[in-house]
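Next up is a structure, given as structure tokens.
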Amino acid sequence: MDGKLLKPYDPKETETRIYKLWEDSGFFVPENLPGDRKKPFTIIMPPVNANGSLHAGHALVMTIEDIMIRYQRMCGQKTLWLPGLDHAGFETQVVYEKKLEKEKRTRFEIKPKDLYKEILDFTLENSKNIKSQIKRMGASCDWSREKFTLDADIVKAVHQTFKKMHADGLIYRGNRIVSWCSKHQTSFSDLEIVDEERVDNFYYLKYGPFVIGTARPETKFGDKYVVMHPKDKRYKEYKQGQKIKLEWINGPIEATVIKDESVDMKFGTGVMTITPWHDSADFEIAEKHGLDKEQIIDENGKLLPIAGEFAGEHIKKARPRIIEKLQKKELVEKIDENYKHVVRTCYKCGTVIEPQIKNQWFVKMKPLAQAALVKIKKGEIIYIPEHFKKITVHWLQNIMDWNISRQIVWGIPIPAWFHEPKCIPKPGLEKDIKKCKEIIISTEKPMCEFCDAEYIQDPDTFDTWFSSGQWPFVALGFPKSEDFKMFYPTDIMETAGDIIFFWVARMVMLGLYITGELPFKTVYLHGMVLDAKGQKMSKSKGNVIDPMIYTDKYGADALRIGLVVGNTPGTSLALAEERIRGYGKFANKLWNITRFVLDNIQTSEVKRELKEEFDKLAEDITSDMENFRFHLVSDKIYHYIWHRFADEIIEESKKNPEVKSSLMYILENSLKILHPFMPFITEEIWGMLPNRKNLLIVEKWPQ
RNA sequence: GCAUCCUUAGCUCAGUGGUAGAGCGUUCCGUUCACAUCGGAAAGGCCGAAGGUUCGAUCCCUUCAGGAUGCACCA
């Protein structure tokens with residue numbers, strides 16, 4: 001017997017050594033796998049944020065994907081699991097800004113180029129840490145193919161996509177209302193906004209002959225249109241376009257009556273004034289009727305000169321003062337102090353979003369969504385759990401255009417160039433001066449053909465999800481690489497359910513649009529990992545579980561199986577330490593089972609009933625594996641090994657030699673089934689069994 | 001308002017068209033040589049409520065209640 005077995009199982013020492021053994025074997029690389037493997041099986045790892053360390057959710061990703069990959073590898077597929085790191089655009093910039101804050105610096109004082117370099121260094125430094133933690137989890141991914149979302153070839157491919165979409169009319173630049181965070185000084189897409197229920201004051205203000213309701217009096221300075229429903233009998237005497245002179249916050253103004261069906265007659269008084277620059281619904285009305293739009297609040301949340309005496313004040317401070325003034329002028333009819341409404345806030349800092357009109361790049365989503373919907377409705381993507389299909393369809397059917405411009409430096413630059421305003425024609429080209437193009441989409445700095453003006457690159461960067469949305473094909477080297485031909489479309493996209501819109505749906509649309517094929521056949525979505533009490537982990541609550549603490553204490557194997565047993569796809573899991581500790585005991589149990597079996601090796605003949613029983617279990621488990629029921633497989637093999645194999649069969653074998661001779665068969669095959677779940681200890685034990693030629697990682701899955 | 005999910009043992013959750021399962025916890029017993037990071041045993045549930053389909057429902061359908069999440073609108 002191996003001397004190691006006399007000691008208790010030591011996961012920490014074993015796991016580091018075994019990972020190295022696998023890496024040295026080269027079996028993470030599909031081309032190195034034994035046998036003639038033609039059928040590829042591909043998973044693209046969701047690129048991990050390189051701005052911190054591995055959290056419990058990552059641990060779950062690594063576990064589930066590794067289970068899939070190891071199972072398919074054992075089944076003889078040419079398996080590729082492609083690892084990646086994410087620059088994570090805004091997310092990382094926020095993390096870095098917090099770091100700057102601690103150092104009493106701010107990003108607004110640093111030159112964009114220098115800031116970019118600083119964040120890049122920070123990210124590259126962090127990524128070393130992240131990578132070693134991914135390895136610690138046992139992830140059998142092909143490190144030789146590792147990609148970073150800012151790699152030159154990735155950036156190039158993303159630029160090509162932008163260019164093509166622009167040429168196809170799917171991308172436009174427009175002065176449209178966007179969601180603006182005055183703290184982070186950037187705009188967002190609709191997904192980066194969190195609705196928050198609040199109770200605020202609701203003010204009824206006298207506006208000439210009308211009473212208008214508002215929760216935001218500070219936006220009202222420029223309001224010169226008064227809108228009502230065309231069928232509202234209360235206001236039938238007022239006609240579209242009618243001018244009314246009235247006294248307002250800073251003196252007399254002239255208001256214009258607008259009739260529009262979007263007004264809810266039952267809300268408030270049924271009359272409202274509009275602020276098109278700072279409200280998306282008002283913006284729509286203004287667009288429809290061709291009305292003026294005026295900016296009232298600047299990008300820092302301060303009032304502009306239109307506010308008169310309030311100019312320069314922050315809206316938060318100005319609001320009570322404005323009301324005070326209105327009260328003095330007897331323009332406040334009443335105040336409802338219990339107005340419940342939803343406020344849109346920045347998902348990172350909670351700052352109230354101030355809609356602003358800005359000139360940005362937008363993706364026209366309807367055509368992309370339509371094409372994706374056709375495929376999804378036909379069932380060409382399998383969603384696990386199934387109901388995510390309905391959620392996706394619902395979202396795609398109600399999709400809005402996507403603002404992809406971000407006013408941050410940390411991201412992929414937008415390959416758009418703006419013509420300088422000054423225009424001195426080149427000699428002899430005076431006539432052609434009007435042909436100067438305002439915007440040129442190009443990866444290189446363009447020169448103007450007709451004048452000597454320069455082109456300045458758009459200072460904005462892409463929403464990180466615009467590039468992530470192309471990840472499956474760009475990570476595989478689209479368009480020309482061998483890998484793309486071999487491994488695309490990929491087999492499974494496994495990721496967190498809460499980024500189904502941010503990421504999954506967009507990958508479907510962009511993958512289909514660029515490559516003509518869906519980027520993956522199956523979407524597997526896992527739920528959130530919660531703390532032991534079932535609460536969401538957050539830094540502010542201080543209940544964040546560092547998975548690396550558990551791998552140190554109980555081994556990565558114990559953490560892995562603890563994350564999987566009973567954890568059905570899509571539902572969240574409360575991660576309790578006792579749970580992991582329990583599976584640590586299981587590893588030890590398996591260790592002792594091995595000790596007994598190796599001490600008692602007799603013949604390798606298997607008792608027929610025992611073989612049949614095991615093979616039936618293996619068959620059942622294989623069917624579960626094929627259907628992604630890992631939560632059941634892990635439970636079944638755990639119980640078989642502990643409560644059937646150890647408790648009953650081994651006990652029986654002490655009395656019955658025929659049973660004893662069967663033990664090796666059962667151990668061997670149990671190790672194979674358990675391997676995807678607990679790869680380290682199974683590989684370690686496998687190496688101790690007599691006459692092993694292969695590593696367990698490339699052994700054949702039991703029939 | 002629209003959508004999705006959940007409601008099963010003290011806790012956390014699996015599961016199945018044929019009178020319920022696990023882990024942890026609890027109680028009791030046990031250290032004869034694979035294992036005290038253990039073994040053996042026990043207690044504990046009209047499977048949210050009401051209807052319907054069925055020979056039979058915890059499971060399928062409808063309604064309701066409670067909880068969670070997502071999306072939209074709110075002047």
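Chain A is the first sequence line, chain B the second, and so forth, proteins listed ahead of strands; every chain is numbered from 1. Here the structure is a predicted model, which is why all the values come from computation and not from measurement.
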task: Once you apply the 3.5 Å cut-off to both distances, tell me the Watson-Crick or G-U wobble partner of B:U26, or none.
output: B:A42

field: Whole-angstrom distance between B:A22 and B:C55, as gauged at atom P
entry: 33 Å

field: Separation of atom CD1 in A:Ile650 from atom P in B:C38, rounded to whole Å
entry: 16 Å

query: Going by atom types alone, do A:Trp402 and A:Asp463 pair a side-chain donor with an acceptor below 3.5 Å?
result: yes

field: Complementary nucleotide of B:A68, counting Watson-Crick and G-U pairs under 3.5 Å
entry: B:U4

All N/O contacts under 3.5 Å from nucleotides 20-24 of chain B to the protein, with atom names and distances to one decimal?
residue : atom : partner  : partner atom : Å
B:A22   : O3'  : A:His639 : NE2          : 3.3
B:A22   : O2'  : A:His639 : NE2          : 3.2

field: Counterpart base for B:C73, defined by Watson-Crick or G-U wobble contacts under 3.5 Å
entry: none

field: Pair A:Lys654-A:Asn600, side-chain donor/acceptor within less than 3.5 Å
entry: no

- prompt: Taking a pair as Watson-Crick or G-U wobble with both distances under 3.5 Å, which nucleotide is matched to B:C47?
  reply: none

- request: Tell me what A:Thr275 touches on the nucleic acid: a base, only sugar-phosphate, or nothing, going by heavy atoms under 4.0 Å.
  value: nothing

Taking N or O atoms only and anything under 3.5 Å, show me the protein contacts with nucleotides 42-44 of chain B, one pair per line.
none

Integer angstrom distance from the P of B:C73 to that of B:G15: 37 Å

field: For B:A9, the Watson-Crick or wobble partner whose two distances fall under 3.5 Å
entry: none

message: Nearest whole Å is fine: how far is B:C38 P from A:Phe596 CZ?
response: 19 Å

- request: Could you check how far OH of A:Tyr9 sits from P of B:A36, rounded to whole Å?
  value: 18 Å

statement: Applying the 3.5 Å cut-off to both distances, the Watson-Crick or G-U partner of B:C60 turns out to be B:G52

List every contact pair, protein side and nucleotides 3-10 of chain B side both N or O, where the distance is under 3.5 Å.
none

